[in-house]
2 protein chains.
Amino acid sequence: MVSSEAKSPRERYRAQVRAEIKERAWEQIAAAGASALSLNAIAKRMGMSGPALYRYFSGRDELITELVRDAYRSLADTFGAASQAGADVAALAHALRGWALEDPQRYFLVYGTPVPGYHAPDDITAIASEIMATLLDACAALPSDGPATPFDTHLEGHRDWADGHPAPPAALRRALAFWTRLHGALSLELAGHFTGMGFDPAQLFAAELDDLTGLRSV
Amino acid sequence: MVSSEAKSPRERYRAQVRAEIKERAWEQIAAAGASALSLNAIAKRMGMSGPALYRYFSGRDELITELVRDAYRSLADTFGAASQAGADVAALAHALRGWALEDPQRYFLVYGTPVPGYHAPDDITAIASEIMATLLDACAALPSDGPATPFDTHLEGHRDWADGHPAPPAALRRALAFWTRLHGALSLELAGHFTGMGFDPAQLFAAELDDLTGLRSV
DNA sequence: TAACTTCAGTGATAACCTCTAACCATGGTG
DNA sequence: CACCATGGTTAGAGGTTATCACTGAAGTTA
């Protein structure tokens, strides 16, 4: 994805500043969450005054949308790289957990509380289905795990979201379980709901993963 | 002076206004999320001007904390009522889903993206463990489901969070699985990550629940 | 080289927001 | 009746997003 075309110096400058704005934005988000992101504060910290940022982003919303896009892209790339390296479902799970722990607020930007009425642009949902496709590949490679469930038959008739992926219903079912269960464990961990409870979140995650891959342990 | 009964008319008026403030706050949160909650807008809608609200809440933070407290309380009561009525794990799960769908933003106030650095006051965490206790009761009543898992033995040595509850490790494990799995399915559903995917979130939830109660289906 | 065009960054301004301070009216209580 | 705690007001400090007209510098073209 390194497009190093010979652009005009102006364009390179512009790209550079845009990148630095996003850099500062991520710092702010990591420190105080996305809701506390302030264009003004970013500008001040970059040594320029407020309205200058509007040359680079049409407003706060566009900046945040861009950050969400980058977050999705980052996860898709992480999954893609793992898949390229021959990762199975378990390896994908660990990649996911590593990615989440690396920057919890980035995770929440993707999977956290949504703003009512907000709809992500199409290119972002495209990245989401890219992620899902990678997951489906891994789930299709899993050994079969018993007779079809009622939910399998439901999915059989509602598999539009798999977007033509040839995975059998059981794989679709397991991809969804992968997603929802690991998100459940991960988001509660990142949100701090386990702090002070004493047990090790990593072991809970591992147990859930074992269950998903057929080693029933939870 | 806190003689429980007969309150002065002033105190009753005060309670009334506080309640209406929270009412409006919930409306705003449902419409645009907690981050868009504005004291000013609430005041205007109540026909009084801005600073008046500070007679009732020391600031935005206290109002939000109060709403979070009410949300926890509401869930604890829902669980408590179900439990009182003899609810098993499945009934608790349906109570949870009903409660969540009733007001998604209320759910996210409890289980959504946290603000870095924010720590809930003790009385709120107390309500959280009340909820957990109810869940543990139900899980302890579940029939045993096979040999102890590695995670069971980990929990055996880290069961402080159960707060003296006599449930066996397998019950602790299943309570955690109940919590994380249903939260995973529910939060993704409420956040709209399933919209447009075609399948029915209720069936996914039901499948996860069946799995939790021993009817392996996911 | 000189003239022209494009564009980044500026300050001023409007419209919000939270929250403090000072002030006033009123209703319950001594 | 007099008092004063209580709940409301306006004014204002300091923050935010965002728009506007303007300047000055950089890039482009004749």
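So you know, we letter chains A, B, ... as the sequences are listed, proteins then strands, and number each from 1. Below, each value reflects all heavy atoms present in this structure, side chains not excepted, and no hydrogens, waters or symmetry copies. This structure is a prediction, so every number in the text was calculated from the model and none was measured.
The 12-atom threshold is exceeded at CZ of B/R45, counting heavy atoms of other residues, nucleotides or ligands nearer than 6.0 Å. No more than 12 heavy atoms of other residues, nucleotides or ligands shown are found within 6.0 angstrom of CD on B/E23.
Centroid-to-centroid, the aromatic rings of A/H154 and B/F199 stay 6.0 Å apart or farther.
Distance alone, capped at 3.5 Å, is enough to place a donor-acceptor pair between the B/S38 side chain and the B/A41 backbone.
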Distance-only check: which donor-acceptor pairs under 3.5 Å involve side-chain atoms of residues 116-124 of chain A, not counting sequence neighbours?
residue	atom	partner	partner atom	Å
A/Y118	OH	A/T65	OG1	3.2
A/D123	OD1	A/R69	NH1	2.9
A/D123	OD2	A/R69	NH1	2.3

Could you list the donor-acceptor pairs under 3.5 angstrom formed by side chains in residues 53-61 of chain B, with sequence neighbours left out?
residue	atom	partner	partner atom	Å
B/S58	OG	B/E62	OE1	2.8
B/R60	NH1	B/L37	O	2.4

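B/R73 and B/E130 are joined by a salt bridge, as a carboxylate oxygen and a charged side-chain nitrogen come within less than 4.0 angstrom of each other. Ion pairing between B/D70 and B/R106 fails under the 4.0 Å rule for side-chain N and carboxylate O. Using a cut-off of 4.0 Å between Lys/Arg side-chain N and Asp/Glu carboxylate O, B/R14 and B/E11 are scored as not salt-bridged.
Remark: B/E189 pairs with B/R97 by the side chain to side chain donor-acceptor pair (under 3.5 Å) rule, at least two apart or across chains.
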Scoring nucleotides 19-30 of chain D by protein non-hydrogen atoms under 4.0 Å (B base, S sugar-phosphate only, - none) yields B--B---BS---
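Near DNA chain C, defined here as any heavy-atom distance below 4.0 Å, the residues from residues 15-49 of chain A are A/M48, A/S49, listed numerically.
Per the geometry, CG belonging to B/L53 stands 13 Å off P belonging to D/dG7, to the nearest Å.
First and last contacts of DNA chain C with chain B, using any nucleotide atom under 4.0 Å from a protein heavy atom and ordered 5' to 3', fall at C/dC17 to C/dC23.
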